[in-house]
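Shown next, in structure tokens, is the structure this report addresses.
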There are 2 protein chains.
Amino acid sequence: MDQACTLIGAKVAEWREMGLDPARCPVRDLLDRIGDRWSILLLTMLAAGPMRFNALARAVPDISKRMLSQTLRTLETDGLIDRTVEPTVPPRVTYSLTPLGKSLMPPLLGLITWAEQNHASVQAARQRMAAMVAAADAVGW
Amino acid sequence: MDQACTLIGAKVAEWREMGLDPARCPVRDLLDRIGDRWSILLLTMLAAGPMRFNALARAVPDISKRMLSQTLRTLETDGLIDRTVEPTVPPRVTYSLTPLGKSLMPPLLGLITWAEQNHASVQAARQRMAAMVAAADAVGW
DNA sequence: ATAGTAGGTATAGATTAGAGACCTAACGCC
DNA sequence: GGCGTTAGGTCTCTAATCTATACCTACTAT
């Protein structure tokens with residue numbers, strides 16, 4: 001854990017030394033794409049196997065069709081998923097992970113595991129903070 | 001990699017079996033917080049050690065003060081970073097990772113490493129897609 | 001006296017997300 | 001024939017969110 005901190009620190013220092021424009025670094029680029037409400041969620045849904053449009057919509061009930069379609073298109077553009085259309089009537093459109101998309105799964109699994117293990121701690125921190133704010137308000141700060 | 005897919009698939013199936021409200025699952029909760037343009041970036045900056053407000057602003061030149069302040073507050077609320085004010089005049093405010101925040105670094109390192117290794121592939125995919133769209137446009141699709 | 005540093009907040013404008021209606025084409029029901 | 005459903009989306013309008021910019025207090029250095 002401390003080792004990870006050191007390694008990340010070293011990477012950041014290295015980017016800075018290289019004079020790498022922070023707005024253009026690979027990590028920023030990745031995060032700007034998959035760092036939204038839906039991308040990672042859809043990728044995890046596809047991890048188990050290919051799914052069709054409406055199956056994804058049912059699996060993630062609170063995504064609008066608009067965002068689903070848009071997010072899938074971005075993931076396709078970035079080469080993380082495949083979109084295959086069967087020319088039946090009506091057409092069936094199936095989405096699946098590409099090898100590149102699959103290669104994202106191990107790091108993603110790490111993040112998911114962390115989230116499961118530490119969710120309670122985050123909740124507790126939020127409640128502590130809410131309590132402090134309430135107390136401060138009560139005193140009229 | 002395929003193993004990670006299977007594990008993620010199993011987790012998703014498990015959540016579904018538990019009748020877990022998808023909007024309330026721990027992973028969603030995490031992603032809604034740190035899945036924005038700045039949170040992960042600021043956490044990586046703090047990995048190497050504590051930093052003050054303006055040092056962070058200089059390290060991430062394209063963040064506005066407003067978003068910097070807001071994002072730091074959210075991270076503090078979630079217990080990922082500490083905010084310590086030294087009561088000098090003017091006050092010095094230092095931000096640092098909490099143990100919880102540090103525990104996020106190993107999975108984050110995995111993601112960063114993936115981004116570095118696969119950035120070229122993503123770029124290539126984008127260019128392929130752009131070329132296809134251009135070709136389709138040319139034919140008048 | 002003027003400018004700069006530190007750590008922000010306030011406000012207005014631009015961007016983006018979400019809700020819901022709508023579309024084509026086929027199929028089943030009565 | 002008319003109605004509803006499925007599939008895979010698009011279109012439009014509104015609501016939320018981000019960005020840029022100006023501003024603030026209180027000190028320090030020139």
Side-chain angles (χ1 to χ4, degrees), chain A residues 21-24 28-29 31-42 45-46 50-78 81-96 129 133 136-137 141, chain B residues 21-24 28-29 31-42 45-46 50-78 81-96 129 133 136-137 141:
Chain A
D21 177 0
R24 208 163 294 166
R28 289 289 288 277
D29 194 47
L31 291 177
D32 280 356
R33 295 301 184 117
I34 69 165
D36 62 25
R37 209 203 238 12
W38 306 116
S39 295
I40 290 185
L41 198 61
L42 293 176
M45 291 300 163
L46 290 174
M51 286 178 83
R52 283 166 56 187
F53 187 89
N54 278 334
L56 283 167
R58 277 188 295 270
V60 186
D62 52 344
I63 191 174
S64 67
K65 285 182 176 183
R66 186 181 179 280
M67 284 312 294
L68 178 54
S69 150
Q70 203 173 97
T71 306
L72 288 170
R73 247 170 249 294
T74 304
L75 292 173
E76 192 197 357
T77 300
D78 285 358
I81 65 176
D82 263 335
R83 178 177 186 271
T84 55
V85 182
E86 295 169 54
T88 59
V89 169
R92 299 174 167 230
V93 182
T94 304
Y95 295 91
S96 56
M129 183 60 71
V133 170
D137 277 354
W141 283 14
Chain B
D21 178 1
R24 208 164 293 165
R28 290 288 288 278
D29 194 48
L31 291 177
D32 280 356
R33 296 300 184 119
I34 68 165
D36 62 25
R37 210 205 237 10
W38 307 117
S39 295
I40 290 186
L41 198 61
L42 293 177
M45 291 299 163
L46 290 173
M51 285 178 84
R52 283 166 56 188
F53 187 88
N54 278 334
L56 282 167
R58 276 187 296 269
V60 186
D62 52 344
I63 191 173
S64 67
K65 285 181 177 185
R66 187 180 179 280
M67 283 313 293
L68 178 54
S69 151
Q70 202 174 96
T71 306
L72 289 169
R73 247 171 249 292
T74 303
L75 292 172
E76 190 196 358
T77 300
D78 285 358
I81 65 176
D82 264 335
R83 176 178 187 270
T84 55
V85 182
E86 294 169 54
T88 58
V89 168
R92 297 173 168 231
V93 182
T94 305
Y95 296 90
S96 56
M129 183 61 72
V133 170
D137 277 355
W141 283 14

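Every chain is numbered from 1 and lettered A, B, ... according to where its sequence line falls, protein lines coming before strand lines.
- With sequence neighbours excluded, no residue forms a side-chain hydrogen bond (donor to acceptor under 3.5 Å, both in side chains) with A:Arg73.
- Summarising the geometry, atom CZ belonging to B:Arg33 is positioned 14.0 Å from atom CD1 belonging to B:Ile40; distances are rounded to the nearest 0.5 Å.
- Here chain B contacts DNA chain C (any atom closer than 4.0 Å to a heavy atom, that is under 4.0 Å), and the contacts span C:dA6 to C:dT11 from 5' to 3'.
- Judged as a side chain to side chain contact (heavy atoms under 4.5 Å, CB included), and not counting sequence neighbours, the contacts of B:Asp32 are A:Arg37.
- Nucleotides of DNA chain D lying under 4.0 Å from heavy atoms of chain B occupy a range whose first and last members, 5' to 3', are D:dC18 to D:dC27.
- Under the 4.5 Å side-chain criterion, counting only non-hydrogen atoms from C-beta, A:Leu68 is not in contact with A:Val60.
- Where B:Arg37 and A:Arg92 each meet DNA chain D at their nearest nucleotide, the meeting point lying more 5' is that of A:Arg92.
- The distance from the CD atom of A:Glu76 to the CG atom of A:Asp82 is 7.5 Å, given to the nearest 0.5 Å.
- Taking the side chain as every heavy atom from C-beta outward, B:Leu72 and B:Arg83 never approach each other to under 4.5 Å.
- Applying a 4.0 Å cut-off to non-hydrogen atoms, the residues of residues 61-71 of chain A that approach DNA chain D are A:Lys65, A:Arg66, A:Ser69, listed by residue number.
- The terminal axes of the helix from C:dA1-D:dT30 to C:dC30-D:dG1, fitted over 5 pairs per end, subtend an angle of 10° to the nearest 10°.
- Sequence neighbours left out, the pairs with a member in residues 52-67 of chain A that pass salt bridge (Lys or Arg N to Asp or Glu O under 4.0 Å) are A:Asp62-B:Arg28.
- How far OG1 of B:Thr74 is from CD1 of B:Ile81: 9.0 Å, rounded to the nearest 0.5 Å.
- When the side chain to side chain contact (heavy atoms under 4.5 Å, CB included) test is applied to B:Ser39, the partners found at least two apart in sequence or on another chain are B:Ile34, B:Asp36, B:Thr71, B:Leu75.
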